[in-house]
S.K.: 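Pasting a structure here, questions to come.
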Amino acid sequence: MVPTENPSPAPQTPALSVPLSSAMRPQRLQHPSPGGSLARLLLLLVLPGAAQGSFEVSVSPEAAMVEHGGSVWINCSTTCQNPAANGSLETSLTKADSKRGPGWAAFLLVAITEWVSAPQCYFTCDGDTKVAAANISSYRVPERVVLEPLPEMELGRAYNLTCWVLNVAPVTHLTVTLRQGGRTLHMETFQNHTGIGPNDIPVTHEITPRRWDHGQEITCHAALDLMPHGPHFENSSSVVELQEAESLTAKIIAISAIATISATLLSILAWGLAQRDRSRRKARPEPGEATSSQANFEMAQASTEDAPEEGGSLNPAEDTSP
């Protein structure tokens, strides 16, 4: 056998080492984060101006209480970063002065006679306009507080105490209190009052006097509380004193006492007159009898007739003329 020779392996061509370009290298795919995309989407839906930059407008004071005919400064401000942002105030009230600065504007409102008004601050930032409103209310302090006078009161009978608070606004901020001495009889508020502007407000409370109420002082107090947006005012009425009327029994007793005293005085007077007449009758002389005083008078008269004239003589012979 002829030995079979193993064929020699075919010569292998050496592999060429060719550098791969960066474009041919495998790239890792970058997938967007689901959470970040959702947050950005919600932001765009909720804040349409977020892509352009949002801003806010505010006003100060938001609520103000101004005396009727008075004045107040209203300040408008914005968070817009654009220096060219333009702002102003829309109102039917009279603007007497204004001041401006970056991101703010202030306006002086004078002679405020509207009882309720709502000026509007607005700013325009990059073509977008936003508004903020203020609430301004006028007030008037009570002109007078009057407590109606009371008659003399009978014990156990009901009477009405009536207090008037005149020309006051706003009534929703008013509290009226009736007091007897240091004790509160009645308190009334008016949060549900619907009128605008000044009003005359009556407050009535029923009382039944007792004996120990005689001489007690009744007063009416009005408080206009405008805090925290305004001041606090108080006013009071003049004092009314409780007077107890005499009862019917007391009047009958008083009349009986007066009648008894009058009858007694008349009896004493009649007795005195009778005694005087009796004394006169005893002192009067009987007819034909002369009293001692009358006899003395007659004797004195006779003595006077017998006496000689002045310059004469007692001897008739001496009176003969020569």
Side-chain angles (χ1 to χ4, degrees), residues 43 45-144 165-176 189-201 222-235:
L43 183 62
L45 291 175
V46 175
L47 300 175
Q52 303 175 1
S54 63
F55 71 100
E56 299 296 334
V57 174
S58 59
V59 59
S60 178
E62 293 182 355
M65 287 286 184
V66 182
E67 186 174 7
H68 192 255
S71 60
V72 66
W73 278 95
I74 298 296
N75 183 64
C76 304
S77 58
T78 181
T79 58
C80 177
Q81 300 300 314
N82 188 344
N86 182 33
S88 187
L89 182 71
E90 285 291 334
T91 179
S92 59
L93 302 176
T94 302
K95 290 185 284 188
D97 194 7
S98 64
K99 299 178 181 180
R100 296 180 181 274
W104 66 273
F107 305 89
L108 177 62
L109 306 179
V110 298
I112 300 174
T113 56
E114 295 183 19
W115 294 105
V116 177
S117 58
Q120 292 185 333
C121 288
Y122 68 88
F123 271 90
T124 301
C125 179
D126 297 328
D128 189 14
T129 301
K130 291 189 177 182
V131 178
N135 294 315
I136 299 179
S137 299
S138 295
Y139 69 85
R140 177 170 287 171
V141 180
E143 184 178 292
R144 280 194 307 158
V165 182
L166 305 179
N167 203 20
V168 59
V171 176
T172 51
H173 291 255
L174 178 67
T175 301
V176 179
T189 57
F190 306 88
Q191 288 90 347
N192 297 326
H193 185 82
T194 57
I196 297 176
N199 284 271
D200 295 339
I201 303 299
L224 187 65
D225 189 4
L226 307 174
M227 299 178 70
H229 307 300
H232 179 93
F233 299 97
E234 292 192 4
N235 201 354

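Everything quoted here is computed from the prediction, not taken from an experiment. Values reported hereafter were calculated over all heavy atoms of this structure, with side chains retained and with hydrogens, waters and symmetry mates removed.
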S.K.: Are any side-chain N or O atoms of Thr189 and backbone N or O atoms of Thr175, one a donor and one an acceptor, separated by less than 3.5 Å?
M.R.: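 Between the backbone of Thr175 and the side chain of Thr189 there is no qualifying donor-acceptor contact (under 3.5 Å).
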S.K.: If we check side-chain contact (heavy atoms from CB on, under 4.5 Å) with Tyr122, which of these qualifies: Val59, Val131, Leu89?
M.R.: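 Single side-chain contact (heavy atoms from CB on, under 4.5 Å) partner of Tyr122 among Val59, Val131, Leu89: Val131.
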S.K.: Shortest non-hydrogen contact from Pro170 to Ser138?
M.R.: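 Of all heavy-atom pairs spanning Pro170 and Ser138, the closest is CD-O, 4.0 Å.
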S.K.: Return the CD to OG distance between Glu56 and Ser77, rounded to the nearest 0.5 Å.
M.R.: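 The CD atom of Glu56 sits 10.5 Å away from the OG atom of Ser77.
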S.K.: Say whether, by atom type as modelled, one donor and one acceptor occur between the side chain of Asn82 and the main chain of Ala84 under 3.5 angstrom.
M.R.: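 Yes, the answer is positive, given that a donor and an acceptor are paired below the 3.5 Å cut-off.
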S.K.: Please find the pair of heavy atoms, one from Val72 and one from Ala64, that lie closest to each other, and give the distance.
M.R.: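 Of all heavy-atom pairs spanning Val72 and Ala64, the closest is CG2-CB, 4.5 Å.
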S.K.: Would you find a donor on one side and an acceptor on the other, under 3.5 Å apart, between the side chain of His173 and the backbone of Leu226?
M.R.: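 Such a contact is absent between His173 side chain and Leu226 backbone.
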S.K.: Which pair of heavy atoms, one from Ala118 and one from Asn135, lies closest together, and at what distance?
M.R.: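 Scanning both residues completely, I find the closest heavy atoms to be CB-OD1, 4.2 Å.
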S.K.: Just do the side-chain contact (heavy atoms from CB on, under 4.5 Å) check on Val168 and Val141 with the steps written out, would you?
M.R.: CA-CA 6 Å; Val168 59; Val141 180; over 6 Å; no
S.K.: Could you pull out the closest heavy-atom pair between Val57 and Cys121, with the gap in Å?
M.R.: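 Looking at all heavy atoms of both residues, the closest pair is CG1-O, 4.1 Å.
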S.K.: How long is the gap from CZ on Phe107 to CD1 on Ile74, to the nearest 0.5 Å?
M.R.: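 Reported value, rounded in 0.5 Å steps: 10.5 Å.
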S.K.: With sequence neighbours excluded, what pairs up with Phe233 under the ring pair (Phe, Tyr, Trp, His ring centres under 6.0 Å) test?
M.R.: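 With neighbours one apart ignored, the set is Tyr139.
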S.K.: Could Lys130 and Phe123 be counted as a cation-pi pair, given that NZ or CZ must be under 6.0 Å from the ring centre and within 45° of the axis?
M.R.: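 Lys130 over Phe123 ring: no.
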S.K.: Measure from the side-chain N and O atoms of Asp200 to the backbone N and O of Asn167, and report whether any donor-acceptor pair falls under 3.5 Å.
M.R.: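 Answer holds: yes.
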S.K.: Can you see which heavy atom on Pro61 is nearest to which on Ala134, and at what distance?
M.R.: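 Shortest heavy-atom separation between Pro61 and Ala134 comes out as O-CB, 3.6 Å.
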S.K.: Strictly distance-based, threshold 3.5 Å: is any side-chain N or O of Asp225 a donor or acceptor partner for the main-chain N or O of Ala223?
M.R.: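 It does not hold such a pair.
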S.K.: With side-chain contact (heavy atoms from CB on, under 4.5 Å) as the criterion, how do Ile136 and Leu93 come out once you've worked through the C-alpha distance, each side chain's angles and the decisive distance to 0.1 Å?
M.R.: CA-CA 10 Å; Ile136 299 179; Leu93 302 176; 4.3 Å; yes
S.K.: Could you tell me whether the side chain of Thr113 reaches within less than 4.5 Å of the side chain of His68, counting heavy atoms only?
M.R.: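 A side-chain contact under 4.5 Å exists here.
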S.K.: Can you tell me how far OG of Ser71 sits from CG of Leu109, rounded to the nearest 0.5 angstrom?
M.R.: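 Result: 8.5 Å between the selected atoms.
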S.K.: Which heavy atom of Phe190 sits nearest to which heavy atom of Leu174, and what is that distance?
M.R.: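 Closest pair (atom of Phe190, atom of Leu174, distance): CD1-O, 3.4 Å.
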S.K.: Any donor and acceptor pair, going by atom type alone, linking the side chain of His193 with main-chain N or O of Val171 inside 3.5 Å?
M.R.: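 A pair under 3.5 Å: no.
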S.K.: Kindly compute the distance separating CZ (Arg140) from CG (Leu166), expressed to the nearest 0.5 Å.
M.R.: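 Interatomic distance, Arg140 CZ to Leu166 CG, rounded to 0.5 Å: 12.0 Å.
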S.K.: Tell me the side-chain hydrogen bond (donor to acceptor under 3.5 Å, both in side chains) pairs involving residues 83-110, sequence neighbours left out?
M.R.: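 Matches after skipping sequence neighbours: Ser92-Glu114.
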